[in-house]
Amino acid sequence: MYVEPDTIWGRTIAGDQAVTTPLASLSPIQRSLLVDLEEPRTFAHLATQYRAQAPRLEQELLDLAQADLVSVQPPGTDGGAYRWDVAPAAGNTAPWKPGVGAYAIATGLGFAAAFLVLLSRL
């Protein structure tokens, strides 16, 4: 796979956790890449910094992306933030569900509408 020089790479939340807790499955260059990707970097910057052959660096980054430790933003796209798996705010982890009162109000409005339709036919 060809990675364009302007492709932006950034560390994800899982990547942040992998930096703090050592994973035996990471190679030394992958660990070094994760540490360096605290701020988003272009592929060209990483290639000049690591002086690695582009295909090897591509493969290391793609392996990290497959493990969801880094995310990628292709050039020409406006992805906004480079972290696509931002943790939800505290207290907002469960989806919103209407309470019993909302169901009672909806049922009452349904009966009222049906009653008005019946009254209009008189």
Side-chain angles (χ1 to χ4, degrees):
M1 178 181 172
Y2 172 72
V3 176
E4 295 186 32
D6 293 338
T7 303
I8 299 173
W9 296 84
R11 195 166 67 194
T12 62
I13 301 285
D16 290 342
Q17 293 170 352
V19 168
T20 58
T21 58
L23 295 174
S25 62
L26 293 179
S27 69
I29 191 168
Q30 288 175 338
R31 179 166 275 305
S32 179
L33 281 168
L34 276 179
V35 170
D36 190 43
L37 287 174
E38 182 176 2
E39 295 294 321
R41 308 261 189 236
T42 62
F43 182 76
H45 173 83
L46 294 171
T48 56
Q49 183 175 357
Y50 285 92
R51 296 186 182 125
Q53 294 179 350
R56 177 177 164 85
L57 187 61
E58 286 176 10
Q59 188 58 47
E60 297 291 345
L61 286 167
L62 291 173
D63 289 344
L64 288 171
Q66 263 187 330
D68 292 327
L69 299 176
V70 296
S71 62
V72 60
Q73 179 181 339
T77 60
D78 184 21
Y82 64 94
R83 294 178 187 230
W84 293 319
D85 62 342
V86 176
N92 293 336
T93 56
W96 180 82
K97 291 183 180 178
V100 176
Y103 290 116
I105 291 172
T107 304
L109 288 174
F111 281 122
F115 184 69
L116 288 175
V117 168
L118 290 174
L119 282 178
S120 67
R121 293 184 184 218
L122 291 177

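Numbering starts at 1 and runs along the sequence shown.
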Original post:
Minimum heavy-atom separation for Ser27 to Glu60, with atom names?
Top reply: OG-OE1, 3.4 Å
Subject >> Considering all heavy atoms, the nearest Ile8-Pro40 contact >> reply: CG2-CB, 3.7 Å
Subject >> Passing option when Arg11 is tested against Asp36, Val19, Leu64, Leu33 for side-chain contact (heavy atoms from CB on, under 4.5 Å) >> reply: Val19
Subject >> Rounded distance [0.5 Å steps], CG in Leu116 versus CZ in Arg121 >> reply: 12.5 Å
Original post:
Is the shortest heavy-atom distance from the side chain of Leu34 to the side chain of Asp16 under 4.5 Å?
Top reply: no
Original post:
Under 3.5 Å, side chain of Ser71 to main-chain N/O of Thr12, donor-acceptor pair present?
Top reply: no
Subject >> pair Val72-Leu61: side-chain heavy atoms closer than 4.5 Å >> reply: no
Original post:
Is any side-chain heavy atom of Gln73 less than 4.5 Å from a side-chain heavy atom of Trp9?
Top reply: no
**OP:** Kindly determine whether Phe43 and Leu57 satisfy side-chain contact (heavy atoms from CB on, under 4.5 Å), including the steps that lead there.
**Re:** CA-CA 9 Å; Phe43 182 76; Leu57 187 61; 3.8 Å; yes
Original post:
Counting only N and O atoms by type, is there a donor-acceptor contact under 3.5 Å from the side chain of Glu38 to the main-chain atoms of Val35?
Top reply: no
Subject >> Minimum heavy-atom distance between Ala18 and Leu69, given as atom pair plus value >> reply: CB-CD2, 3.9 Å
Subject >> Check: Thr107 side chain, Tyr103 main-chain N or O, donor-acceptor pair, under 3.5 Å >> reply: yes
